[in-house]
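These notes are about the structure you will find just below.
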Amino acid sequence: MARNAPEKFIKYDDDDIMLLDGGGLLYFEPKRQKVIHSTYHAGGGTEKEIVFWGDDNSLPEYREALLCENNIVPQIIRAKRDIILGGGLMTYKEHFEKGKRIVEEVKMDADFSDWLEEQEELHGGPTELADDLLKHGNFFPQCIRDSDGKIKTIKPHMARCVRARKQNNQGIVPSYFLHGQWGSISKLSDKQRLSEVKSLIEIDAYNPAAKKPQPNFIMHGADRLLGGPYYFEPHYTGSEMWMKVANAIPVFHFSNLENGFNIRYLIKVPEDYFMRSLAQSKREDKDNLHQHIRAAKQSFKERVNKFLAGMRNAGRGLIVTKHFYKHLQKEWPELEIVPLEVDLKDEAMLKLYESSNQASTSAHGIPPVLAGLATGAKMTSGNEIRNLYNFWQITATPQPRKIISRPYRLAWLSWNKPRDIKLGFRNIELTTTDKNPSGHSEPQINPDAV
């Protein structure tokens, strides 16, 4: 959409409402959990508005619970994460020869390499950032500088523990709040203000336009394809309902096994059948008649089970003789055994389960075989798997790698490292075992590069 005044700032108070610089108002209501504003009263009488994330401020927790109950999506996310991270962070240079871009890996400075390893051990690293990016569409690392301005700490905070402060008049998110259980805060009564939550921590948001280096800040990383401006959506967000369907079907089958009856025959017995089966003496024994009838019922069940149950009795037939009341001119009610057909809808449910799994797999945009998933399709050859892996790595990893490496690039520059040396992730390219016994090849560090 063309804008008459492109330099004019357009502020998004909520991603359900867009204010246009032409004076119009465009409103839309997507079918998903909405962003909700709540007020946090800080000291000194000032008010800071926290942007809640989904219904009850618990969308990340809800997503993780949904993923934990699914049998394939976590494996898909794990496979995507591992391919994105590849062989780990590397440093490289770019140069051009005859119009062709050449990437040359160079040895990472030992001090920076040691620092990366230390940070990962203490706080986590690219793995945690990739996890949150793929699960929630956002990640939030905290960066802390030392007195010389060098970023000496990068601490990834779990997405479910971070909430944004509402944009200021310039459309900038000024800070982020940290707390362990945001869902409990959303349920506070009006009288119990958020200022009573003592563990709430506020940290400035990263501002690349700041005049002085920020000593302590949180950087918001996201693939900004869907959602925003406070929280962006993961790519699989449209498959949420399919995941619910897939998660419910195993519960249905388990409940059938745990609670269901598996009755094979309906045996109809005339009301006076057991009375008529008694000997004349027992019929006339009025004092013990009920005991005689109970014993006859038990004997009947034992004889029927012995006759019908078990593999040796398969295919047996039962002969029942009908009697006739001559004086009433009608048949005597006889024993009747009716076989039952048990239809638990297993076949229909399994077809639906297969469809839901296919929908979830499609939503993540990665071939199922790369995640080790059986889809019922024909066996995939080694060449096909290798080509799929290399193709997916080439086409689908550059953008998430760029997003994840951003805080480490910022740290690299704060250490006054050469700007022409960049950070990225090392590819792991699958090859054939005749070329490399390990089945994969990695770009080698140039021994002459320092």
Quick check against the 3.5 Å criterion: does [X] have a side-chain atom that pairs as donor or acceptor with the backbone of [Y]?
X      : Y      : answer
Tyr230 : Gln167 : yes
Asp223 : Gln399 : no
Arg145 : Pro215 : no
Ser405 : Arg401 : yes
Asp204 : Phe217 : no
Thr237 : Pro234 : no
Ser414 : Ala411 : yes
Asn427 : Glu429 : no

**Report entry** Residues Glu233, Arg63; criterion salt bridge (charged side-chain N to carboxylate O under 4.0 Å, His left out); working and verdict
**Finding:** CA-CA 11 Å; Glu233 300 284 355; Arg63 278 199 189 112; 2.7 Å; yes
Within a strict 4.5 Å, meaning less than it, do heavy atoms of the [X] and [Y] side chains meet?
X      : Y      : answer
Asn387 : Ile385 : no
Ile218 : Leu178 : yes
Leu225 : Phe232 : no
Phe425 : Pro126 : yes
Arg101 : Val103 : yes
Arg426 : Glu105 : yes
Pro141 : Leu129 : yes
Ile50  : Lys166 : no

Give, for atom [atom1] of [X] and atom [atom2] of [Y], the distance between the pair rounded to the nearest 0.5 Å.
X      : Y      : atom1 : atom2 : answer
Asn305 : Phe307 : CG    : CZ    : 12.0 Å
Tyr408 : Leu116 : OH    : CG    : 7.0 Å
His235 : Leu226 : NE2   : CG    : 6.5 Å
Ile72  : His364 : CD1   : NE2   : 7.5 Å
Arg81  : Ile76  : CZ    : CD1   : 14.0 Å
Lys422 : Leu413 : NZ    : CG    : 11.0 Å

Cationic N near anionic O, under 4.0 Å, [X] to [Y]:
X      : Y      : answer
Glu302 : Lys306 : no
Arg78  : Asp82  : yes
Asp111 : Lys417 : yes
Arg165 : Glu49  : no

Cut-off 3.5 Å, no hydrogens considered: what does the side-chain donor-acceptor table look like for residues 146-155, sequence neighbours left out?
residue	atom	partner	partner atom	Å
Asp146	OD1	Asp148	N	2.9
Asp146	OD1	Gly149	N	3.1
Asp146	OD1	Lys150	N	2.9

Report task. Evaluate the criterion side chain to side chain contact (heavy atoms under 4.5 Å, CB included) for residue pair Tyr231 and Leu59; output intermediate values, then yes/no. Result -> CA-CA 11 Å; Tyr231 314 109; Leu59 182 54; over 6 Å; no
Requested in this report: List the steps and the verdict of side chain to side chain contact (heavy atoms under 4.5 Å, CB included) for Tyr62 and Glu240.
Outcome: CA-CA 11 Å; Tyr62 165 79; Glu240 177 185 314; 2.9 Å; yes
Query raised in the report: Residues two or more places apart in sequence or in another chain: which of them pass ring-ring contact (aromatic ring centres under 6.0 Å, His included) with Phe139?
Result: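 If we apply the ring-ring contact (aromatic ring centres under 6.0 Å, His included) test to Phe139, skipping adjacent residues, there are no hits.
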Report task. Quick one: list whatever passes salt bridge (charged side-chain N to carboxylate O under 4.0 Å, His left out) with Arg419, sequence neighbours left out. Result -> none
Query raised in the report: With sequence neighbours excluded, what pairs up with Glu118 under the salt bridge (charged side-chain N to carboxylate O under 4.0 Å, His left out) test?
Result: none
**Report entry** Heavy-atom pair with the smallest gap, counting every atom of Trp53 and Val162
**Finding:**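 Between these two residues, the closest heavy atoms are CE3-O, 4.0 Å.
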Requested in this report: Answer yes or no: does atom CZ of Phe391 have more than 12 heavy-atom neighbours from other residues, nucleotides or ligands under 6.0 Å?
Outcome: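 Counting neighbours around CZ of Phe391, 12 or fewer heavy atoms of other residues, nucleotides or ligands fall under 6.0 Å, so no.
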**Report entry** Asn138 side chain to Arg224 side chain, donor-acceptor N/O pair below 3.5 angstrom
**Finding:**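 No, because no side-chain N or O of Asn138 sits under 3.5 Å from a partner of the opposite role on Arg224.
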Report task. For the pair Ile428 and Ile83, evaluate side chain to side chain contact (heavy atoms under 4.5 Å, CB included) and give the outcome as yes or no after the intermediate values. Result -> CA-CA 8 Å; Ile428 298 178; Ile83 299 175; over 6 Å; no
Query - Trace of the ring pair (Phe, Tyr, Trp, His ring centres under 6.0 Å) decision for Tyr206 with His220 - result: CA-CA 8 Å; Tyr206 172 57; His220 181 196; over 10 Å; no
Query raised in the report: What residues form a side-chain hydrogen bond (donor to acceptor under 3.5 Å, both in side chains) with Asn216, not counting sequence neighbours?
Result: Gln142
Requested in this report: Name all pairs fulfilling the ring pair (Phe, Tyr, Trp, His ring centres under 6.0 Å) condition that reach into residues 97-137, sequence neighbours left out, sorted by first residue then second.
Outcome: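 Residue pairs passing ring pair (Phe, Tyr, Trp, His ring centres under 6.0 Å), neighbours aside: Phe112-Trp115, Phe112-Trp412, Phe112-Trp415, Trp115-Trp415.
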Requested in this report: Kindly determine whether Ile102 and Lys93 satisfy side chain to side chain contact (heavy atoms under 4.5 Å, CB included), including the steps that lead there.
Outcome: CA-CA 8 Å; Ile102 306 297; Lys93 284 185 175 181; over 6 Å; no
Query raised in the report: Can Phe140 and His157 be said to form a ring pair (Phe, Tyr, Trp, His ring centres under 6.0 Å), step by step?
Result: CA-CA 6 Å; Phe140 302 93; His157 290 288; 9.1 Å; no
